[in-house]
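To start, the structure itself, in C-alpha cells.
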Amino acid sequence: MEKIVMNNPIVEMDGDEMTRILWAMIKKELLEPYIELNTEYYDLGLPYRDETEDRVTVEAGEAIRRLRVGVKCATITPNDQRVEEYKLKKMWNSPNATIRAILDGTVFRAPIILDCIKPAVRSWKKPIVIARHAYGDIYKALEFEVHGPGRAELLFTGKDGAERRETVYEFDCPGVLMAMHNHEKSVRSFAHACFRFALDQKQDLWFGAKDTILKTYDQYFKNTFTEIFESEYATAFKDAGIEYFYTLIDDACARVVRSEGGFIWACKNYDGDVMSDLVSTAFGSLALMTSVLVSPDGCFFYEAAHGTVTRHYYRYLEGGEATANPIATIFAWTGALRKSGEMDGNGRLTQFADALEAACLGAMESGTITNDLKSLCEITEPNVVNTADFLAAIKNNLDKAVI
Ligand code: NAP
Ligand code: MG
C-alpha cells in the first residue's frame, strides 16, 4: 500500500509514564507503516516541561490554535510528590488546564461501545457524550466559615461606583458561606461549542440545569442557550434532523437512565464533573473513554480521558511487560486524523481512521483484550494479552482492511 500523505500538519503532544510508552508503540505499529505522519511535535513530558519552564505547553496550545487539530498523550499534573520525584523547579500547572485556557474550549467525553461489554444501564445502546462547561461556578467560588452571629451580604460595585447590596442571610449562630460566578463570554462559548459539536456529530443535544431554584443563575444559562439556538442553529439542526432539548437537571438524569443513549448531554461545571465519572463507569471502563476539547472558533484537541497509568509504569520499569490498554489513546489519534482528513478533504485519511477503529473493535469483539477488560467482558475465556500482542492483533485486522 502506498503511504497516505497528509496535506497539513496536526499538533502532536507527547506525554508521560506508561502512556508515553504506548504512544511510541502505537505510532510505530499502527500509524507510521500506513501514513506519512505530518505532525508538529511538542514534548509535554514532565522533564521537558520543567526544562522549558512550561513554555512548551503554551507553545503547543498556540500551535493548536494555528493548525486547528491536536492529539495529546496523557501527562502528569504535578503535585508535592511529583515535585520531589522529578526534582521540579516549580509545581507546574496542569497542561490540560493551560491548553484549555488558550483554546477556551468545552470538553466532550465519549465512551467506546463494545458488544461484549454491557453497560451497567441495560437500556443504553449508543454512547452518551458528556459536554462539561469547564469554567467557574463552584470551581472559582469564594467561601468561608462564619464563627458567630452576623449578617452576610452580597455586594456588587459597578465601574461607575454604583452599589448593589443584598442580604444573603442573618446568621444567629456559626455557619458557612459561599459566592460564585460565571460570565457571559464563557457561557456563550459553551453554548456555541455544544451546538457545533452536536451538528458535527449529528446527534441530539440535551441540556439540564436547576432554573426552578436558581431563577437567575441557572435561568441565565438556560436563556443563553435558547437565544443562541433560536438565532443561529435552529435551521441547521432541522436540516440535520437533530434536536435541542432543555429540561431540569433532575429530569435529565431520570431520562438519561431510561434512554438508549446516542446524544450529547451538556452539563454545567459541577454536574459535568460528577456525571462524567458516573456515565463513564456505567459504560465500562476509563480505558475506553475518549475526550475531545472543541474551541468556539473550531479547534479540535483529542486525548484519552485516563491519566498516565502510573502503577503500570512502575511495574514496567521494574522489568514487567506493558499491559495497559492503548484503545483510548489510539482513538485520540483516529479522532485527530479523521478531523484532519475532513478539513483537508483527504478521503484516504478519514477512511484509514475508520479502518483503524474498526480493527480495534474487531480485535476486542473477537475476544482479544487487555487485562483491565477481563472482568467486564462477557466473552467466555477471552484471550487476555499484553499491549504488544494486543497491538499486533489490531494490526493484523488493519492489514486485512487496508490494501
Ligand atoms: P489513571 O492514570 O487514569 O489511572 C488510574 C487507574 O485506572 C490505573 O491505575 C489503572 O488501574 C486504570 N487505568 C487507567 N487507564 C488505563 C489503561 N489505559 N489501561 C489499563 N488500566 C488503566 O489515573 P491516576 O492514577 O489518578 O493518575 C496518574 C497520573 O495521570 C497523575 O500524575 C495525573 O496527574 C495524570 N492524569 C493525567 C490526565 C491527562 O493528561 N488528561 C488525566 C488524569 C490523570 P489499575 O492500576 O488498577 O490497573
Ligand atoms: Mg470528576
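Keep in mind that what you see is a predicted model, and the values were worked out from it rather than measured. When a ligand or atom number is given, it counts from 1 through the structure's own listing order. Just so you know, these numbers use all the heavy atoms, side chains as well, and skip hydrogens, waters and symmetry mates.
Atom 41 (N) of ligand 1 has its closest protein heavy atom at Glu303 OE1, 3.3 Å. In this structure, atom 14 (C) of ligand 1 lies nearest to the protein heavy atom His306 CB, 3.9 Å. Scanning the protein for heavy atoms near atom 4 (O) of ligand 1, the closest one is Val309 CA, 4.2 Å. The protein heavy-atom contact nearest to atom 31 (C) of ligand 1 is Arg82 NH2, 3.9 Å. Scanning the protein for heavy atoms near atom 48 (O) of ligand 1, the closest one is His312 NE2, 2.8 Å. Closest to atom 34 (O) of ligand 1, if we only count protein heavy atoms, is Thr77 N, 3.0 Å.
With sequence neighbours excluded, the residues satisfying ring pair (Phe, Tyr, Trp, His ring centres under 6.0 Å) with Phe108 are Phe197. Considering only residues two or more places apart in sequence or on other chains, Trp124 meets the ring pair (Phe, Tyr, Trp, His ring centres under 6.0 Å) condition with Phe283.
At a distance under 4.0 Å, a protein heavy atom can be found next to atom 19 (N) of ligand 1. Counting protein heavy atoms under 4.0 angstrom from atom 1 (P) of ligand 1 gives one or more. Remark: atom 7 (O) of ligand 1 lies closer than 4.0 Å to no protein heavy atom.
Distances between N or O atoms of Thr310 and those of ligand 1 include no value under 3.5 Å. At a 3.5 angstrom cut-off on N or O pairs, Glu17 does not count as close to ligand 1. Some N or O of Arg311 is nearer than 3.5 Å to an N or O of ligand 1, by distance alone. Ligand 1 has no N or O atom lying under 3.5 Å from any N or O atom of Ala304, backbone or side chain.
Of all atoms in ligand 1, numbered sequentially from 1 with element shown, those under 4.0 Å from a heavy atom of Ala324 are 19 (N). Listed by number with element, the atoms of ligand 1 under 4.0 angstrom from any heavy atom of Asn96 are 40 (O), 41 (N).
A donor atom on one side chain and an acceptor atom on the other are not found under 3.5 Å apart for Ser94 and Asn96. Residues Asp399 and Tyr34 have side chains that bring a donor and an acceptor to within less than 3.5 angstrom of each other. No side-chain donor from either of Arg49 and Thr98 sits under 3.5 Å from a side-chain acceptor of the other. If you check the side chains of Asp14 and Tyr41, you find a donor sitting under 3.5 Å from an acceptor. In this structure, a donor-acceptor pair under 3.5 Å is absent between the side chains of Tyr313 and Asp16.
At distances below 3.5 Å, at least one donor-acceptor pair connects side-chain atoms of Lys215 with backbone N or O atoms of Thr212.
More than 12 heavy atoms of other residues, nucleotides or ligands shown are found within 6.0 angstrom of NZ on Lys118. Within 6.0 Å of atom CG in Asp239, more than 12 heavy atoms from other residues, nucleotides or ligands are found, so the atom counts as buried in its surroundings.
In this structure, Met18 does not count as a contact residue of ligand 1, since none of its heavy atoms falls inside 4.0 Å of the ligand.
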**Trace of the side chain to side chain contact (heavy atoms under 4.5 Å, CB included) decision for Trp92 with Thr57** = CA-CA 10 Å; Trp92 306 109; Thr57 310; over 6 Å; no

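Residue nearest to atom 43 (C) of ligand 1, selected from Gly307, Ala74, Ala97: Gly307 (by heavy-atom distance). Remark: among candidates Thr308, Val107, Leu46, Thr75, the nearest residue to atom 37 (C) of ligand 1 is Thr75, based on non-hydrogen atoms.
Of all the heavy atoms of Leu22, none lies under 4.0 Å from any atom of ligand 1, so neither backbone nor side chain is involved.
Note that Lys268 lies in the cation-pi zone of Phe221, set by a 6.0 Å cut-off to the ring centre and a 45° limit from the axis.
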